[in-house]
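Worksheet: the structure to be examined is printed underneath.
Every chain is numbered from 1, with letters handed out A, B, ... down the list of sequences.
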2 protein chains.
Amino acid sequence: MGVTKTHIFSSAQNEMAQIAKVLAHPARIAILEYISKQEGCICTDLVDEIGLAQPTISQHLNEIKKIGLLKGSFEGKNLCYCIDEERWQELQNSFNAFFTNINQNCC
Amino acid sequence: MGVTKTHIFSSAQNEMAQIAKVLAHPARIAILEYISKQEGCICTDLVDEIGLAQPTISQHLNEIKKIGLLKGSFEGKNLCYCIDEERWQELQNSFNAFFTNINQNCC
DNA sequence: ATTTAATATTGCAATATTACGATAATAATA
DNA sequence: TATTATTATCGTAATATTGCAATATTAAAT
């Protein structure tokens, strides 16, 4: 118990849920919003901006990375994270398709 | 620890995360898809269709209900659940706004 | 009134998530 | 090469989520 039974669902359903899970924390929403507003992005800024400890921010960044949403490039000792545009578009399309495919025909 | 620090985020960020959390489980994705395909919907159908125990389905339905996505009306001893169109549209708009407001300008 | 069928609630075990202190790794700078 | 600054990883505590058996609730049907 306590484990999601992923094997009984389609891969599309599992993927949709996994993407949603990444968006299911306000810190990750805030991180995405903040990165998009900056020209570049340095992780320390995020720690100051958001108010969670550095390891916690690092963990959240990792969750976002896992679904391919972050491109990171080192600029000297600093790390510049930014959003992968192509992947972002993909996710937007997935959500849009999901929302529009649900059609309500009862009650 | 282990509690999300909601107080350090904006209500918009918290709401976004909360909605995403409901979509962050394949069973709930499957439930929404199934309901939308049916004329009506009875919980037992869902139990048969999805393959989780009846109390588990009931719990998932409750999560979906919490964000106002389900309208339910009893038809005799059966319960007909359906998706609240207005609320659904609202959520679609929120997601769309979120995705389009993120603009990538680095790297 | 009993029985039956459908859904909800309770209680609990297993696992996942969130958060952070301590520490490691990495690379620029003195 | 030591120091410093930035980010990652490890270990751990607290809380949340998932899932189900047992049971309660509700209302139709007998």
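Residue Thr44(A) places at least one side-chain N or O under 4.0 Å from the OP1 or OP2 atom of dT7(D). At the phosphate of dT17(D), neither OP1 nor OP2 sits under 4.0 Å from any side-chain N or O atom of Lys21(A). Phosphate proximity of dA19(C) to His60(A): present, with a side-chain N or O under 4.0 Å from OP1 or OP2. Phosphate proximity of dA6(C) to Tyr81(B): absent, as no side-chain N or O sits under 4.0 Å from OP1 or OP2. Within the 4.0 Å cut-off from OP1 or OP2 of dT17(C), not a single side-chain nitrogen or oxygen of Lys5(B) is found. Regarding contacts with the backbone of dC20(C), a side-chain N or O of Thr56(A) is found under 4.0 angstrom from either OP1 or OP2. Residue Ser58(A) places at least one side-chain N or O closer than 4.0 Å to OP1 or OP2 of dA8(D).
Which of dA16(C), dG19(D), dT6(D) sits closest to the side chain of Leu52(B) comes down to dG19(D). Residue Ile42(B) has its side chain nearest to dT7(C) when only dT7(C), dG21(C), dT15(C) are considered. Closest to the side chain of His25(A), out of dT15(C), dT18(D), dT18(C), is dT18(C). Taking only side-chain atoms of Pro55(A), from C-beta outward, the nucleotide of dT9(D), dC20(D), dA19(C) with the closest atom is dT9(D).
Side chain of Arg28(B) to main chain of Ile64(B): no donor-acceptor pair is present (N/O by atom type, distance under 3.5 Å, no hydrogens or angles). The main-chain N or O of Glu90(B) is found under 3.5 Å from a side-chain atom of Ser94(B) such that the two form a donor-acceptor pair. Of the possible polar contacts, one joining the Asn101(B) side chain to the Ala97(B) backbone as a donor-acceptor pair under 3.5 Å is found.
With rounding to whole Å, Leu61(A) atom CG is found 14 Å from dC20(C) atom P. Regarding Ile29(B), its CD1 atom lies at a distance of 16 Å from the C1' atom of dT18(D), rounded to whole Å. As a whole-Å value, the separation of Ile64(B) CD1 from dT18(D) P is 11 Å. For Ile57(A) and dG21(C), the CD1 to C1' distance is 16 Å, given to the nearest whole Å. Following rounding to the nearest Å, Glu63(A) (CD) and dA19(C) (P) show an atom-to-atom distance of 11 Å. The distance between atom NZ of Lys66(A) and atom C1' of dT9(D), rounded to the nearest whole Å, is 13 Å. Computed from coordinates, the Asp45(A) CG to dT6(D) P distance equals 9 Å when rounded to whole Å. The distance between atom CD1 of Ile8(B) and atom C1' of dC20(C), rounded to the nearest whole Å, is 13 Å.
With contacts defined as side-chain heavy-atom distances shorter than 4.5 Å, the pair Phe95(A)/Met16(A) qualifies.
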Exercise for the section: Kindly indicate, with the supporting measurements, whether the criterion side-chain contact (heavy atoms from CB on, under 4.5 Å) is fulfilled by Leu23(B) and Leu91(B). Expected result: CA-CA 11 Å; Leu23(B) 302 180; Leu91(B) 299 200; over 6 Å; no

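The residue among Asn62(A) and Gly51(B) whose nearest nucleotide of DNA chain D lies closer to the 5′ end is Asn62(A).
Hydrophobic clustering of Ile, Leu, Val, Met, Phe, Trp and Tyr side chains at less than 4.5 Å, counting indirect connections, unites Ile83(B) with Leu79(B).
For Gln59(A) against dA8(D), no side-chain N or O and base N or O form a donor-acceptor pair under 3.5 Å. For Gln54(B) against dA6(C), no side-chain N or O and base N or O form a donor-acceptor pair under 3.5 Å.
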